[in-house]
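First the structure, in the form of structure tokens, and then the observations on it.
Whatever order the structure lists ligands and atoms in, that order sets their numbers, starting from 1.
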Amino acid sequence: MKIYINGKFYDKDNARISVFDHGFLYGDGVFEGIRSYNGLVFKLKEHIDRLFESAHSIMLKVPVSKEELVKKVILTLKENRLKDAYIRLVISRGEGDLGLDPRKCLKGPSVIIIADKIALYPERHYREGLRIITVPTVRNLPEALNPQIKSLNYLNNILAKIEAQNAGCDEAIMLDSLGYVAECTGDNIFIVKRNQLYTPPQCMGTLRGITRDTVLEIAKKKKISVHEHVITRHEVYISDECFLTGTAAEIIPVVEVDGRSIGSAKPGKMMLKLTKEFKEMTKKEGVRYSF
Ligand code: PXG
């Protein structure tokens, strides 16, 4: 495996950054998780745009242009001869001293690109659906650390994941500070009621997921009614279908929430229809590369 760090490729064992990097010391940095399908990088522009937005919000200047970054992602995929990959893009504040002050990171931000084989969820989860639970840890408040910023500080989500695992569940529903459903630890949430699609708006505690946006795009094309508004746990419990979306998981069914079975407790029709269309899109759309 060859890892890109600040303009050079390193073998996995030699791919290192300083322990003084504020990405490590404070979670001071931003990232993206991107996927390529059979030599096509899906929604690359959208991921790069979101990365730059996250960076802008935390006043981190990405040391390369968007166009250069696209080229570096492609170069990393070629270097690793990966047609189907999970790409992790990280921009960290860089090497500083043992204080919070980002101005002390004099060498400037680091750019790291890792391209690996995709670690898919077990097939069983797609066939049988996930059992998930609402956890006590609420999603970060937008006015504290806005969930739109994909920062290197994921402790909020990790705590929720641990709580779900402690309860023997596959995933966690995180609520926002008002008690509405926000999202899961690394996925957005959708419910279906009477053939209409509902997902929480991005304003309260929900990342504007790129897979979420893709599902909304498909729904529009298929003339499925979509509602982006607040969802309560009750509405999830009485939904006909529930599923999660994310770059890694794609579209994954949920069959049980907080001990309540959802719909027929099987992957639903709407989810299957959207998945079929999503898979078609990943075959056709994206930035093409070959080696
Ligand atoms: N919500 C959160 C909090 C996320 O971190 C999503 C939703 C889905 O967004 P996309 O753009 O991927 O549709 C994410 C995704 C993983 C993993 O390994 C995923 C994410 C972050 C870290 C790890 O599954 N982000």
Original post:
Just how far is it from atom CD of Glu183 to atom OG1 of Thr199, taken to the nearest 0.5 Å?
Top reply: 9.5 Å

**OP:** Check each of Glu32, Lys43, Lys45 against Arg50 using the side chain to side chain contact (heavy atoms under 4.5 Å, CB included) test, and report the only one that passes.
**Re:** Glu32

**OP:** For ligand 1, find out whether one of its N or O atoms is nearer than 3.5 Å to an N or O atom of Lys150.
**Re:** yes

Subject >> Nearest-neighbour protein heavy atom for atom 19 (C) of ligand 1, which is reported as residue plus atom name and distance >> reply: Gly186 O, 3.9 Å

**OP:** Report yes if Arg50 has an N/O atom closer than 3.5 Å to an N/O atom of ligand 1; otherwise report no.
**Re:** yes

**OP:** With heavy atoms of Thr185 as the reference, note each atom of ligand 1 found under 4.0 Å away.
**Re:** 3 (C)

Subject >> N or O contact, Thr211 vs ligand 1, cut-off under 3.5 Å >> reply: yes

Subject >> Cation-pi geometry met for Lys78 and Tyr289 (6.0 Å, 45°) >> reply: no

**OP:** Using side chain to side chain donor-acceptor pair (under 3.5 Å) as the criterion, list what pairs up with Thr206, not counting sequence neighbours.
**Re:** none

Original post:
Backbone or side chain, does any N or O of Glu183 fall under 3.5 Å from an N or O of ligand 1?
Top reply: yes

Original post:
What is the nearest protein non-hydrogen atom to atom 9 (O) of ligand 1, stated with its residue, atom name and distance?
Top reply: Gly209 CA, 3.5 Å

Subject >> Those atoms of ligand 1 less than 4.0 Å from some heavy atom in Asn188 >> reply: 7 (C), 8 (C)

Subject >> Minimum-distance protein heavy atom relative to atom 24 (O) of ligand 1 >> reply: Ala248 CB, 3.3 Å

Original post:
Just wondering, more than 12 heavy atoms not from Lys12 lying within 6.0 Å of its NZ?
Top reply: no

**OP:** Could you tell me whether the side chain of Ser57 and the main chain of Ser54 form a donor-acceptor pair under 3.5 Å?
**Re:** no

Original post:
Do Arg260 and Tyr237 meet the cation-pi criteria used here (NZ or CZ under 6.0 Å from the six-membered ring centre, within 45° of the axis)?
Top reply: yes

**OP:** Any atoms of ligand 1 less than 4.0 Å from a non-hydrogen atom of Leu207? List them with their elements.
**Re:** 1 (N), 2 (C), 4 (C), 6 (C), 7 (C), 9 (O), 14 (C)

Original post:
Do the ring planes of His227 and Tyr198 sit parallel (below 30°), tilted (30 to 60°) or perpendicular (above 60°)?
Top reply: parallel

Subject >> Contacting atoms of ligand 1, where contact means under 4.0 angstrom from a heavy atom of Phe31 >> reply: 21 (C), 22 (C)

Original post:
Between Arg212 and ligand 1, is there a nitrogen or oxygen pair with a distance under 3.5 Å?
Top reply: no

Original post:
For ligand 1, which atoms sit closer than 4.0 Å to a heavy atom of Arg139?
Top reply: 3 (C)

Original post:
Does even one non-hydrogen atom of Gln148 get within less than 4.0 Å of ligand 1?
Top reply: no

Original post:
Does CZ in Arg88 sit with more than 12 non-hydrogen atoms of other residues, nucleotides or ligands closer than 6.0 Å?
Top reply: yes

Original post:
Between Glu68 and Ser65, is any side-chain donor less than 3.5 angstrom from a side-chain acceptor?
Top reply: yes

Subject >> Close-contact set for ligand 1 against Thr247 heavy atoms, below 4.0 Å >> reply: 10 (P), 11 (O), 12 (O), 13 (O)

Original post:
Under 3.5 Å, N or O to N or O, is Tyr154 touching ligand 1 that way?
Top reply: yes

Original post:
Which ligand 1 atoms does Asn157 reach within 4.0 Å, using its non-hydrogen atoms?
Top reply: 3 (C)

Original post:
Where is the nearest protein heavy atom to atom 18 (O) of ligand 1: which residue, which atom, and how far?
Top reply: Tyr86 OH, 3.9 Å

**OP:** Give a yes or no answer on whether the side chain of Asp176 reaches the backbone of Leu178 with a donor-acceptor pair at less than 3.5 Å.
**Re:** yes

